[in-house]
Amino acid sequence: MLSTVLDLRVAKRFALVDCNNFYVSCERLFKPALIGKPVVVLSNNDGCVVARSQEVKDLGIKMGVPVFRIYDLIKRHNIQVYSSNYTLYGDLSGRVMSTLAQFAPDVEIYSIDEAFIDLSEFRYRDLTEYGSEIRNRVMQWVGIPVSVGIAPTKTLAKLANRIAKKSGSGVFDLSIYPSIDEILSQVNVGDVWGIGSKYDKWLRDRGITTALNLKYADESLIRAKMGIVGVKLQMELKGESCLAMELIDNPKQGTCVSRSFPKSINELSALKEAIAFFTHRAAEKLRRQKQAASVITIFARTSPFRDNFYSNSATAELTLSSNYTLDLSRVASRLVESIYREGQNFKKAGVIMTGLVSESQIQGSLFDINFDINFDINNDEAKMRSRNLTSVMDTINAMYGRDTLRFASTGVIQVWKTKSEQRSPQYTTCWGDLLEVS
DNA sequence: TCTGGGGTCCTAGGACCC
DNA sequence: TCTGGGGTCCTAGGACCC
């Protein structure tokens with residue numbers, strides 16, 4: 001019994017499976033001519049680089065650089081440029097994840113291109129070999145290259161994955177490596193999972209420059225600055241697992257829809273249209289997640305890269321939680337005037353829905369209408385109509401494509417609409433974009 | 001000229017209550 | 001008016017992630 005308890009405590013094994021250059025790999029899958037060529041994928045709005053092929057990384061182009069700064073490099077090296085195509089990436093991600101699910105019962109989908117797998121029960125096997133099997137099968141079934149890092153904690157599995165990416169085999173098991181400290185001494189502290197730019201600077205200023213330094217740094221110092229998160233991080237580096245697998249698909253705490261505008265907006269009417277559109281999208285998301293919101297926040301700001309930065313937000317609470325576009329827009333549009341300032345060049349805006357509840361828990365739902373003592377026929381009929389209209393719109397939009405039907409308040413000219421000039425077709429999810437084989 | 005979007009968690013401090 | 005400790009809840013802000 002005691003040994004079982006000890007086993008549970010010490011003998012964890014986590015694998016972190018990470019897709020290599022995921023968005024680029026997705027583009028290459030349907031355009032093999034891109035293999036071996038330098039490729040980048042841009043953010044929404046075609047603003048920044050969010051994915052790079054190895055060839056591009058080798059050119060020294062950093063993650064997140066604004067594309068206008070590398071125009072000359074793009075030309076000189078004939079870099080292939082793509083707008084991001086999240087529909088395609090989301091679909092391929094799903095295929096990767098369901099392939100992983102065949103290797104262990106517990107898979108935590110951490111992001112669109114990463115998953116943790118609990119391999120503790122396989123710890124007496126050769127996990128390097130098991131990792132290779134995972135890698136090969138994902139490649140064979142989905143066509144996406146992945147790397148596998150294995151270690152006794154999630155934080156170390158992240159590091160193991162970085163090493164796996166650099167190694168030829170694409171798999172690295174840190175738990176059998178003779179000297180973990182030797183590896184940690186070669187990792188910059190800022191490359192540790194959980195250390196961002198602010199903590200990186202703070203730690204460096206105190207002589208803590210490597211993962212090894214952090215592992216053995218004074219706990220009270222770390223706790224004072226980083227709180228419990230920092231202490232757990234140190235323990236994870238020491239091989240003691242503090243971050244468990246998160247398997248339950250937790251309902252979202254909030255849902256946000258925001259965009260930067262290709263050209264700044266200064267008219268109230270345009271800002272209203274943009275907010276109406278974001279609210280429309282957010283309501284769609286909520287309905288898809290089977291959730292409803294009770295609090296709406298809207299925000300707008302000017303460019304943080306210009307002088308006289310202006311940013312404002314406003315929040316309102318709904319009397320009843322809702323996920324219907326009309327209910328939510330009414331509240332959102334009322335808020336716009338309170339954050340608008342004449343003469344400001346708004347560069348970004350958005351809506352945030354919080355206070356989310358499950359759709360089934362909405363109080364005073366449709367079914368209560370008949371039992372409501374204060375039954376107000378006009379009001380409730382209007383609500384009914386709004387609800388019926390929404391579900392008809394959802395159905396039609398699902399059949400004929402997004403925004404076939406939308407509310408006029410979301411704008412006709414849509415000056416705020418984002419750019420996406422180099423988007424690849426939706427090969428896997430749209431009949432019209434299916435690849436033809438001749 | 002041109003700089004992403006969508007999330008999470010933790011903490012400190014204030015409001016409020018008994 | 002002065003005088004208290006202790007608890008909860010909420011919010012804003014700061015950090016992080018991909």
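None of the values given here were measured: they were computed from a predicted structure. Throughout, protein chains are lettered first and strands after them, A, B, ... in sequence-line order, and every chain is numbered starting at 1.
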- Are the aromatic ring centres of A/Tyr199 and A/Trp193 under 6.0 angstrom apart?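 Not close enough - the centres of the two rings lie 6.0 Å or further apart.
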- Below 6.0 angstrom between ring centroids: does that apply to A/Phe278 and A/Phe299?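 Between A/Phe278 and A/Phe299, the centre distance exceeds or equals 6.0 Å.
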For [X], report the nucleic acid contact type (base, sugar-phosphate, nothing); a contact means any heavy atom under 4.0 Å.
X        : answer
A/Ser303 : nothing
A/Thr255 : sugar-phosphate
A/Leu42  : nothing
A/Ile112 : nothing
A/Asp113 : sugar-phosphate
A/Lys285 : sugar-phosphate
A/Gly350 : nothing
A/Val257 : sugar-phosphate
A/Lys158 : sugar-phosphate

- Query: Which residue, A/Lys348 or A/Val229, contacts DNA chain B at a nucleotide closer to its 5' end, judged by nearest heavy atom?
  - Reply: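 Whichever sits nearer the 5' end wins; that is A/Lys348.
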- Message: Need to verify one output field. Residue with the more 5' nearest nucleotide on DNA chain B, A/Phe305 or A/Ser258?
- Response: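 The residue whose closest nucleotide sits nearer the 5' end is A/Phe305.
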- Query: Any side-chain donor-acceptor pair under 3.5 Å between A/Tyr82 and A/Lys31?
  - Reply: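 Looking only at side-chain atoms, A/Lys31 and A/Tyr82 do form a donor-acceptor pair, the distance falling under 3.5 Å.
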- Query: Is it true that the side chains of A/Tyr216 and A/Asp181 contain a donor and an acceptor less than 3.5 Å apart?
  - Reply: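 A/Tyr216 vs A/Asp181: donor-acceptor pair found between side chains.
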- Task: Examine distances only and state if a side-chain atom of A/Arg206 and a backbone atom of A/Trp202 form a donor-acceptor pair shorter than 3.5 Å.
- Result: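 Yes, the answer is positive, given that a donor and an acceptor are paired below the 3.5 Å cut-off.
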- Task: May I ask you to say whether A/Arg13 pairs ionically with A/Asp118, meaning some side-chain N is under 4.0 Å from a carboxylate O?
- Result: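 No, no charged N to carboxylate O under 4.0 Å.
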- Under the side chain to side chain donor-acceptor pair (under 3.5 Å) rule, what do A/Gln289 and A/Thr255 come out as? Steps first, then yes or no, please. CA-CA 10 Å; A/Gln289 293 160 201; A/Thr255 278; 3.2 Å; yes
- Message: Working note: A/Ser424 + A/Asn85, criterion side chain to side chain donor-acceptor pair (under 3.5 Å); need CA distance, chi angles, decisive distance, verdict.
- Response: CA-CA 7 Å; A/Ser424 53; A/Asn85 182 346; 3.1 Å; yes
- Reading DNA chain C 5' to 3', which nucleotide is the first, and which the last, to come under 4.0 Å of any heavy atom in chain A?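 From 5' to 3', the first and last contacting nucleotides are C/dA15 to C/dC18.
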- Would you jot down, in residue-number order, the residues of residues 215-223 of chain A having a non-hydrogen atom under 4.0 Å from DNA chain C?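 Nothing qualifies; none.
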- Message: Partner lookup for B/dA15, please. Criteria are Watson-Crick or G-U wobble with both distances under 3.5 angstrom; report none if nothing qualifies.
- Response: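 Base partner found: C/dT8.
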- Query: If we take the C1' atom in both C/dG4 and B/dC16, what is their distance in whole Å?
  - Reply: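 After rounding to an integer number of Å, I get 15 Å for this pair.
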- Message: Can you tell me how far apart NZ (A/Lys12) and CG (A/Leu243) are? Round to the nearest 0.5 Å.
- Response: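 With rounding to 0.5 Å, NZ (A/Lys12) is 12.0 Å from CG (A/Leu243).
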